[in-house]
Structure formats: structure tokens, C-alpha cells
Amino acid sequence: MQQSSYSSFHPPQRKLMGPGPSDVNPRILEALSRPTIGHLDPLFIGMMDELKNLLRYTFQTENEVTLPISAPGSAGMECCFANLVEPGDKVIVCCNGAFGGRMKENVIRCGGEAIIVDDPWGRAVDPAKVEAALKANPDACILAFVHAETSTGALSDAEALTKLAHEYDCLTIVDAVTSLAGVPLKVDEWELDAVYSGTQKCLSCIPGLSPVTFNERAMAKVKNRQSKVQSWFLDLNLMLGYWDGEGKRAYHHTAPINPLYGLHEALCILYSEGLENSWDRHRAQHNDLKAGLERMGLELSVPEAERLPQLNAVIIPEGVDDSTVRNLLLTDYNLEIGTGLGDSAGKLWRIGLMGYSANSGNVLYCLSALETVLNKHSN
Ligand SMILES: *Cc1c(COP(=O)(O)O)cnc(C)c1O
């Protein structure tokens, strides 16, 4: 049914403290509204080169192949699997939350065989189980895992898992969507092979872009494939003609011009803050949030040593209704927090402290809004 008239959409100013998107820095919103220019304009190409450098800094890598895919984090995931997994490849996939399950689905759709290493939701990936799987499957060629499981709030040891993978001649595919800029992630030092991330978590940019980086080992596998990458859009060999062609860039697709201005601005902000300072800020805000939640008698569900500072999974107290509380926070306080996924739906809240959202004002606001709503709700 058509309405008689339509007017512009004006969303309210929310505080985004869920699992993503996070609050977008106003500097980034301003950058998005700058004039659109052509995607082969020399000035735009100069900006793309800066973007690649800034992404290398953010990933802590010298990898030549470092670029933002023109689609959300899920497309970065798909790009890694589509390029690296050939039909018949055996891939060990660590499943300790929702995103591991998606990795498995990607392997199958690429014609690979997924060997699953299961860990309980809310825990880190257990390196001993991974080693057992590597030992039992000497013909496996890739190990895939999620560094920061946003569905549960657990952080896994990307360096240790990659070391193991290399001992057994496997490459790694690492999901760093939520870890990038929120906790230490050192692609070169830890020798991670293919890594994808997203713009809407700790980079505090708008959703819709996925930075990826591939080292030479990973690119060698891509270049030596027997079969074509089954996705035309995500085929790195084609995409690099646009992102990498020295002075002779070939049209591949029209880059999302303004979103890339936004990412450039987000990375400039991060660069001037400094990556280590960003990691420290996420940790410090997490400590304050945790202390406040504990004063209210609330508990975090992930064991302390495996907790992500930027995603806090809080156990919903007995007798408290998840959606009532979240709806009141949204309608009365313009505050968004997340609910649990899968089995933890209705049992956990997921409070994000990502990027621009990780500041003391937000922590105080969230604690007092939650306390007020819980007091009212339990009376
Ligand atoms: C958010 C997220 C994704 C997917 O990113 P989208 O931008 O939503 O496509 C993948 N993996 C993890 C760990 C995430 O948190």
C-alpha cells in the first residue's frame, strides 16, 4: 500500500552499546557528507592509497594485499573462504560461538570439508583440542577461528592457534571483526595468514565495509588455485586490478566512495589516538563497567582471563525479563544493548564498549540507566 506522502527519515540519537554497530564518531558522519567524486579520480585514488597504509597500521602488517572489501564483515569472511578454500580442501573450523558456525557454512559452500573443533559458548578456543584435530587430520590445509567472539564475549589466543596451525602446515583464516582496534591484534608478529574485519565495531565507522589482509603464504595459495574462485565479486585476483594496479587501475566495481571517506576518517582518528592507546582505553572502560555491574550484583558470564573488554556478556538475573528491560532502555533512555544469541537468548545481555562508544560518559550512563530500569522492574 502506498502512502499519500513520504517525508525524510530522521532517526533519534541513540547510544549504541550492543554488539554493533557502535556509536559513529560525528567527525566520520561529517566526512560521509563530503562531495562524491569519481572512483577513478586521481584524488580519490590517492585517498585509497592512504587508506591501505592506514589499514596496514591498524592490522600491524606490511602485507601488500590489505584493502577494504565493499560490503560488511560477513563479506570479508566470505572473501577469505572463497579465495582460500578449493573444492576438496579440508578445513579445521573452531566453533565456540555463532560466528564459527558461519565459517563452517562457508567451507561447505566452497566445496571444502569442515572438521569442527567444538568449545562451549562463552569460552576461548582450546589450543589442545585444536592440536588434536590437526594431528588427526594431517591432510588439513587451513585452520579457521574467531579471535573475538562477539556472540559470547570470549577472546581466543590468535598467536598460539596460528603457531599450532603452522606446525602442521596449515594456513589460518582469522575473524578479527570485533578485535580490530579493541584488543591487541598483530598480524605480522603473530604470522596470521588471512584476516578479515569490519568497520562497525571498534573502528566506530558505519557498517558496510570489511577490511581484509592476506600475507604472501595466503596469496600463494590463491594464485596457485586449480579452479577459479567461485565468486566473481570476491575474487581477489580481479579485485586487485582495481585496488593495486600501479597507475593503471582497472574498473572492477564502483567503490562505495563516501563510505570510504568515512573509513579514512575513522582510521585518521585511530592513528592520532594511537593503536595501543585505543586498546588501553577499551580495557579501562571495561574495568569501570565491570566494577559498576558487580556493585549492582550483576555477573559477567565469561571467565576473567578470556573476557573481551569490548563485549561484555552479563548474566540476566533470575526473574528479570530480557526484552522488557531492553525495550525500556531503548524507549526511555535511547540506549541500545544486545541480547544473547542462540541458546543464550534471554539469558545474557551483551553490552558493547566499542570504539567511540568506549568512553566514561557511556559507561556511567549505561550503569545508571540499567540500575534505574532494574529497580523499577523488580518492584
Ligand atoms: C559483526 C561480526 C561479523 C559480521 O559482520 P557484519 O558487518 O555484520 O557482516 C562477523 N564476525 C564477528 C565476530 C562479528 O562480530
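Order of appearance sets the numbers: ligands from 1, and atoms from 1 within every ligand.
- For Y57, the OH atom counts as densely surrounded, since its 6.0 Å shell holds more than 12 non-hydrogen atoms of other residues, nucleotides or ligands.
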**Study point:** I92 and I142: CA distance, side-chain angles, deciding distance, side chain to side chain contact (heavy atoms under 4.5 Å, CB included) verdict
**Key:** CA-CA 6 Å; I92 298 179; I142 297 172; over 6 Å; no
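- When hydrogens are left out, the protein atom nearest atom 2 (C) of ligand 1 is K201 NZ, 2.7 Å; that is the closest non-hydrogen contact.
- Side chains of H39 and Y251: a donor-acceptor N/O pair is absent below 3.5 angstrom, by distance only.
- For atom 3 (C) of ligand 1, the nearest protein heavy atom (residue, atom name, distance) is F99 CE2, 3.5 Å.
- Ligand-side atoms of ligand 1 in range of T178: 15 (O), range being under 4.0 angstrom from any heavy atom.
- Residue contacts with ligand 1: G73 is placed with a nitrogen or oxygen under 3.5 Å of a nitrogen or oxygen of the ligand (distance criterion only).
- Residue Y196 places no N or O, backbone or side chain, under 3.5 Å from any N or O of ligand 1.
- Counting only residues at least two apart or in different chains, salt bridge (charged side-chain N to carboxylate O under 4.0 Å, His left out) contacts with residues 3-23 are absent.
- Taking every non-hydrogen atom of A148 and a distance limit under 4.0 Å, the qualifying atoms of ligand 1 come out as 13 (C).
- Other residues, nucleotides and ligands contribute only 12 or fewer heavy atoms inside 6.0 Å of the CD atom of E62.
- Annotation: K90, atom NZ; neighbour count of heavy atoms from other residues, nucleotides and ligands within 6.0 Å is above 12.
- Other residues, nucleotides and ligands contribute more than 12 heavy atoms inside 6.0 Å of the CZ atom of R281.
- Contact atoms of ligand 1 toward S74: 4 (C), 5 (O), 6 (P), 9 (O) (distance under 4.0 Å to a heavy atom of the residue).
- In this structure, atom 11 (N) of ligand 1 lies nearest to the protein heavy atom D175 OD2, 2.7 Å.
- Residue contacts with ligand 1: Q200 is placed with a nitrogen or oxygen under 3.5 Å of a nitrogen or oxygen of the ligand (distance criterion only).
- Nearest protein heavy-atom neighbour of atom 15 (O) of ligand 1: T150 OG1, 2.3 Å.
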